[in-house]
Each structure stands twice: as structure tokens, then as C-alpha cells.
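Working notes for the structure below.
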Amino acid sequence: MKRKYTYPFLMMVAVTLIFLAERYLDAQEKQKYVEAGASVKSEDLDFFLPAATSNQIINHDYYTLEYSEEAEQASWVAYTLTKDQLTETNLSRPYFEIDPAVKTGAAHWRNYKNSGYDRGHLCPAGDRRFSTQAYNETFLTSNISPQLQEFNGGVWNRLENQVRDWARRYGELTIITGGLLKDPVDKIGEEEVYVPSAFYKILIRKDASGFTALAFLIPHSESDQDLKAFLVTIDAIEELTELDFFPQLDDATEAQLEASHSVTDWKF
DNA sequence: CTGGGGATC
DNA sequence: GATCCCCAG
């Protein structure tokens, strides 16, 4: 009987198939890595979210927020930032969109037009440059707050840059940020979007010795002061915002974390 | 990086 | 409303 395929030929086919299979699995693995690195839905983020004060908590793909219908903006926005998310891709700024996930109706960007205030990102566009989808998602009106340009482009931008430096240094951190909505200094547009009197930012990360957190509260005005001048306790922010941060931590850890600021754990 | 506004179709 | 161009801190 005539043999159709020689042994060397079959070997070659087998080797080729193994090679292709390995390459495929490798690509799958890389894809998984990209997705894991890009996703904000880490267990850590869920673990660090503030306690709900309404039913308007919205999980976007790359950040989570709670919307205040009265203030027409988020009361907090939370996301996890990892070192590998900080890329330098060139993306063009999209148009701001009304967040369709806000059931009561998120504010229209027109409220901000010629108001004298910037559309200030809460989850910065600069932290979500690792994909077009992630970047565009920060341009929802549920993720912005009216900010003076001197504030947004000044001291607040310095803080955001410092946060990016910390993400590069420490690998991963979770950030919760928002404005003080209680006694707005102004209301803009037809929808009367609140203009916060100050903005806060809370950072937490996990290292070998446990959790370490840092909190900033910056008045809504221009400032050349060192960022350290705006350090406060998380307790202080809780009192002003009436939010409860880190409710899932055990009470002792929560109390310790919220009462102090561990400046020495964070290299300025 | 953080943003703005006008002109045009 | 979307896009392109030019602007400032």
C-alpha cells in the first residue's frame, strides 16, 4: 500500500501545529493581561468604595461613581490606577456626553458653556489614556464638576500629576475624588449645577505592611502652596461630605486609617 | 497636562 | 452637533 504521508512530513505538521497553538495561547494570555491591567473592576476597587447614600451608584467600565441629582454631578468618583495604565497615546478629546446610565438625567454640558467655569474631570482623562474607550468614558457629564481654570489647571492639576507619579512608584492605588456639595459657592446653567467650595481626593494602597491612605482637601481657588499644606484626615472629609469611606475595612483599621495621615508612606 | 472659543457645514 | 483651528496657564 502506498503511504500518502511520510513520517518527516507528519512531524513537520505536528511541530507547526504546536507552534501555532503556543502562539495563540500566548496572544490569549497577553490579551488577558491587557484586560486585567486596564480594568478598574478589581476586587480592590469594590473593596474600597464608599458606603452608598443613594441608589445612583453607577459602574462604568473604568470608574465608578455616585450621582447627586440635586448637585447635578457625582458626589464621588472612584477608580483604580495602575502603573501600566499610564501610557502616552495621542488621543483627541471627544465631545462631552450626558451619562445615559444616570436614571434621573445627568447634566447637559451646556450648563458649563460661558459659565466662567471649566468642565473639570473628576476621574482625569490623563489617567485613562490606555484605550480609546477608557479615555472617552471620562467625557461623560457625570464625571465633571465646575472648576475655575486657575484651580483646575493649577493646584488641582499638580495633585493629579502627583497621583500619577505615585501610581508609577507604587504600582497601584485607588483614588476617590469629588467636590464638597453642601454649600455651593454658585449654581450654573439651567440645571443649576452646583459649584463646590472645595474638592477632595483620597488615596489608598496596599503594601506589605497593610493599608496606607492619604487625603487632600483643597479650597476651590488658585494656590501656589505646597500640596502638603492641603493634607487632612479622612475623618475630616467624612464630616464635610457626610460620606462613609472604607466601610468594608475592619473597624480598627478603618479608624486608624481615617484618623491619621501617614505622610511618611508617600514620597512627595 | 489642564482647559477654552469661534467658524463652518 | 461634529470638526477643525488656534488660544492660554
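Protein chains get the first letters and strands the later ones, always in sequence-line order, with residue 1 at the start of each. Any value given below was found using the heavy atoms of this structure, including those in side chains, with hydrogens, waters and symmetry copies removed. The shown structure was predicted, so the numbers you read here are calculated from the model rather than taken from an experiment.
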Quiz item: Parallel, tilted or perpendicular for A:Phe199 and A:Trp156, by the 30°/60° rule?
Solution: tilted
Quiz item: Within the structure shown, what part of the strands sits under 4.0 Å from A:Glu150 by heavy-atom distance: base, sugar-phosphate, or nothing?
Solution: nothing
Exercise. Calculate the interatomic distance between A:Gln149 atom CD and B:dG4 atom C1'; express it in whole Å.
Key: 7 Å
Using the 3.5 Å cut-off, write out each protein N or O paired with an N or O of nucleotides 1-7 of chain C and the distance between them.
| from | atom 1 | to | atom 2 | distance (Å) |
| --- | --- | --- | --- | --- |
| C:dG1 | OP2 | A:Arg110 | NH2 | 2.9 |

Self-check item: For A:Asp207, salt bridge (charged side-chain N to carboxylate O under 4.0 Å, His left out) partners two or more places apart
Solution: A:Arg205
Quiz item: When you measure from every atom of DNA chain C, which of residues 186-197 of chain A have a heavy atom less than 4.0 Å away?
Solution: none
Quiz prompt | With A:Pro94 via side-chain contact (heavy atoms from CB on, under 4.5 Å) - residues at least two apart | solution = A:Tyr135, A:Asn136, A:Phe139
Self-check item: All pairs passing ring pair (Phe, Tyr, Trp, His ring centres under 6.0 Å) where residues 178-197 of chain A contributes a residue, at least two apart
Solution: none
Quiz item: Is any side-chain heavy atom of A:Leu140 less than 4.5 Å from a side-chain heavy atom of A:Phe96?
Solution: no
Practice problem: Would you mind telling me which of B:dG4, B:dG5, B:dT2 lies closest to the side-chain atoms of A:Asp118? | Solution: B:dG4
Practice problem: Examine B:dG3: is either OP1 or OP2 under 4.0 Å from a nitrogen or oxygen in the side chain of A:Arg119? Give yes or no. | Solution: no
Quiz item: To the nearest angstrom, how far is A:Tyr112 atom OH from B:dG5 atom C1'?
Solution: 18 Å
Quiz item: Are A:His121 and B:dG3 close enough that a side-chain N or O sits under 4.0 Å from OP1 or OP2?
Solution: yes
Self-check item: Separation of B:dC1 P from A:Leu86 CG (nearest whole Å)
Solution: 11 Å
Quiz item: How close or far is atom C1' of B:dC1 from atom CZ of A:Arg164, stated in whole angstroms?
Solution: 6 Å
Practice problem: Examine B:dG5: is either OP1 or OP2 under 4.0 Å from a nitrogen or oxygen in the side chain of A:Asn114? Give yes or no. | Solution: yes
Practice problem: Apply salt bridge (charged side-chain N to carboxylate O under 4.0 Å, His left out) to A:Asp235 and list each qualifying residue two or more places apart in sequence or on a separate chain. | Solution: none
Quiz item: Given B:dG3, is OP1 or OP2 found less than 4.0 Å from the side-chain N or O atoms of A:Arg93?
Solution: yes
Exercise. Would you check if A:Leu227 and A:Val155 make a side-chain contact, meaning some heavy-atom pair closer than 4.5 Å?
Key: yes
Self-check item: Nucleotide B:dC1, atom C1' - distance to CZ of A:Arg128 in whole Å
Solution: 16 Å
Quiz item: Mind checking what makes salt bridge (charged side-chain N to carboxylate O under 4.0 Å, His left out) contact with A:Lys182, not counting sequence neighbours?
Solution: A:Glu242
Quiz prompt | Protein-nucleotide distance (A:Arg158, atom CZ; C:dG9, atom P), rounded to Å | solution = 17 Å
Exercise. Return no unless some side-chain N or O of A:Arg129 is found under 4.0 Å from OP1 or OP2 of B:dC1.
Key: yes
Exercise. Would you list the pairs meeting side-chain hydrogen bond (donor to acceptor under 3.5 Å, both in side chains) in which at least one residue belongs to residues 93-107 of chain A, sequence neighbours left out?
Key: A:Gln56-A:Thr104, A:His60-A:Asp99, A:Glu69-A:Thr104, A:Asp99-A:Ser142
Quiz item: Does a side-chain N or O from A:Asn161 land closer than 4.0 Å to OP1 or OP2 of B:dC1, or not?
Solution: no
Quiz item: Once you round it to whole Å, what is the distance between C1' of C:dA8 and CD of A:Gln147?
Solution: 17 Å
Practice problem: Looking at every strand, decide which applies to A:Gly154 at a 4.0 Å heavy-atom threshold: base, sugar-phosphate, or nothing. | Solution: nothing
Quiz prompt | All salt bridge (charged side-chain N to carboxylate O under 4.0 Å, His left out) counterparts of A:Arg129, not counting sequence neighbours | solution = none
